[in-house]
Number of protein chains: 2
Amino acid sequence: MLIRTARDLGAVIRDHRRRLGLGQQALADRIGVSRQWVVEVEKGKPRAEVGLILRALDALGVALLLGGGTSGADDQDGAATDIDAIVDGARGAG
Amino acid sequence: MLIRTARDLGAVIRDHRRRLGLGQQALADRIGVSRQWVVEVEKGKPRAEVGLILRALDALGVALLLGGGTSGADDQDGAATDIDAIVDGARGAG
DNA sequence: GTACTATGTCGCCGTATGACGACATTCGAA
DNA sequence: TTCGAATGTCGTCATACGGCGACATAGTAC
């Protein structure tokens with residue numbers, strides 16, 4: 001499932017919530033937000049706080065993965081293409 | 001790359017930005033936000049708006065995938081486990 | 001020494017977020 | 001019909017978001 005908009009997020013949240021047999025109030029309780037928040041987010045509110053979205057996904061047992069070419073923040077590849085990244089990494093380590 | 005917190009998000013955003021050779025101002029311009037916003041998000045601000053985060057990821061060419069067991073909102077599997085989901089789908093269609 | 005760029009931080013401001021409470025609607029049961 | 005549960009919507013409030021402008025630091029080039 002590719003996520004590109006807040007609406008996508010809302011759709012998956014609603015879908016997983018129902019799959020788990022949870023009500024909006026039950027999910028809200030798990031996340032630590034109000035039922036209102038769940039309603040708004042499921043409608044696709046784009047200005048919702050990303051931290052709460054992450055908590056909601058976590059509460060639903062949904063994992064968020066990053067793709068797009070590079071491995072992300074983990075330079076496990078061992079082949080950084082930007083000298084800046086190397087320098088920055090060296091700085092952070094030392 | 002598994003994302004669980006806003007800090008993870010900030011790390012990958014910063015990482016990809018540098019990989020693309022973009023400055024904070026340049027990225028902010030692409031997303032349509034202020035440089036300030038980029039600084040805060042890269043620090044891991046959990047209350048940033050999810051819509052802007054999505055735009056940032058998009059601007060960086062990063063794809064956001066969902067995992068966690070079920071296929072998500074796409075019932076392509078054809079095997080819904082919850083009767084509620086089926087009923088809801090039927091309602092939406094009719 | 002000066003100038004330029006990239007980055008991090010501070011204060012002020014208009015506006016929206018998220019919480020709370022209440023009501024209406026839909027669906028199922030007796 | 002009445003009762004109960006889940007959901008969607010409205011109005012109000014304290015707080016924070018995000019934008020703007022300015023300053024300080026670090027690295028580079030002349």
Side-chain angles (χ1 to χ4, degrees), chain A residues 5-7 9-60 73 80 82-94, chain B residues 5-7 9-60 73 80 82-94:
Chain A
T5 69
R7 298 206 67 190
L9 238 16
V12 300
I13 287 177
R14 188 193 194 83
D15 194 61
H16 280 265
R17 178 176 61 77
R18 305 195 88 130
R19 270 174 160 69
L20 262 49
L22 289 173
Q24 293 175 334
Q25 181 61 68
L27 176 59
D29 194 50
R30 279 196 185 194
I31 307 172
V33 298
S34 66
R35 187 173 65 83
Q36 273 292 3
W37 185 87
V38 176
V39 174
E40 293 294 326
V41 167
E42 288 189 350
K43 282 199 306 182
K45 170 179 273 192
R47 309 194 54 164
E49 298 177 6
V50 68
L52 298 180
I53 295 289
L54 257 19
R55 293 237 300 266
L57 260 20
D58 199 47
L60 291 171
D82 281 29
I83 182 65
D84 267 355
I86 302 176
V87 176
D88 191 58
R91 273 181 189 151
Chain B
T5 68
R7 297 206 68 190
L9 237 17
V12 301
I13 287 177
R14 187 193 194 83
D15 194 61
H16 279 265
R17 178 176 61 79
R18 305 195 88 130
R19 271 173 159 69
L20 261 49
L22 289 174
Q24 293 175 332
Q25 182 61 67
L27 175 58
D29 195 50
R30 279 197 185 194
I31 306 172
V33 298
S34 67
R35 187 173 63 85
Q36 285 290 1
W37 185 88
V38 176
V39 174
E40 294 294 325
V41 168
E42 288 189 349
K43 283 199 305 182
K45 167 178 277 193
R47 309 194 53 165
E49 298 177 7
V50 68
L52 297 181
I53 295 289
L54 256 21
R55 292 238 301 266
L57 259 22
D58 198 48
L60 291 170
D82 280 31
I83 182 67
D84 266 357
I86 301 176
V87 176
D88 191 58
R91 273 181 190 151

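Lettering follows sequence order; numbering is per chain, from 1.
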In whole angstrom, what separates [X]'s [atom1] from [N]'s [atom2]?
| X | N | atom1 | atom2 | value |
| --- | --- | --- | --- | --- |
| B:Arg55 | D:dC17 | CZ | P | 18 Å |
| B:Glu40 | C:dG8 | CD | P | 10 Å |
| A:Glu42 | D:dA6 | CD | C1' | 12 Å |
| A:Leu52 | C:dA16 | CG | C1' | 14 Å |
| B:Leu27 | C:dT5 | CG | P | 19 Å |
| B:Gln24 | C:dG8 | CD | P | 5 Å |
| B:Arg35 | C:dT9 | CZ | P | 11 Å |
| B:Arg47 | D:dG18 | CZ | P | 9 Å |

How far does [atom1] of [X] sit from [atom2] of [Y], to the nearest 0.5 angstrom?
| X | Y | atom1 | atom2 | result |
| --- | --- | --- | --- | --- |
| A:Leu27 | A:Arg14 | CG | CZ | 11.5 Å |
| B:Leu20 | B:Arg30 | CG | CZ | 6.0 Å |
| B:His16 | B:Leu57 | NE2 | CG | 8.0 Å |
| B:Leu60 | B:Asp15 | CG | CG | 10.0 Å |

> Is the closest side-chain heavy-atom distance between A:Ile53 and A:Glu49 below 4.5 Å?
Replying inline: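 No, every pair of side-chain atoms sits at 4.5 Å or beyond.
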
> Which comes earlier along DNA chain C counting from the 5' end, the contact point of B:Gly23 or that of A:Ala48, where each point is its nearest nucleotide?
Replying inline: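 Upstream on the strand: B:Gly23.
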
> So does A:Lys45 get a side-chain nitrogen or oxygen closer than 4.0 Å to the phosphate oxygens (OP1/OP2) of C:dA16?
Replying inline: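 So the side-chain polar atoms of A:Lys45 never come under 4.0 Å of the phosphate oxygens OP1 or OP2 of C:dA16.
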
The side chain of [X] is closest to which nucleotide in this list: [options]?
| X | options | answer |
| --- | --- | --- |
| B:Trp37 | D:dG19, D:dC17, C:dT9 | D:dG19 |
| A:Arg14 | D:dC20, C:dG18, D:dT7 | D:dT7 |
| B:Ser34 | D:dC20, D:dT7, C:dG18 | D:dC20 |

>> Please compare A:Val39 and B:Gln36 by the position of their nearest nucleotide in DNA chain D and report the one closer to 5'.
In response: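 The residue closer to the strand's 5' end, by nearest nucleotide, is A:Val39.
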
>> Heavy atoms only, 4.0 Å cut-off, all strands: where does B:Glu49 land among base, sugar-phosphate and nothing?
In response: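 It contacts sugar-phosphate atoms only.
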
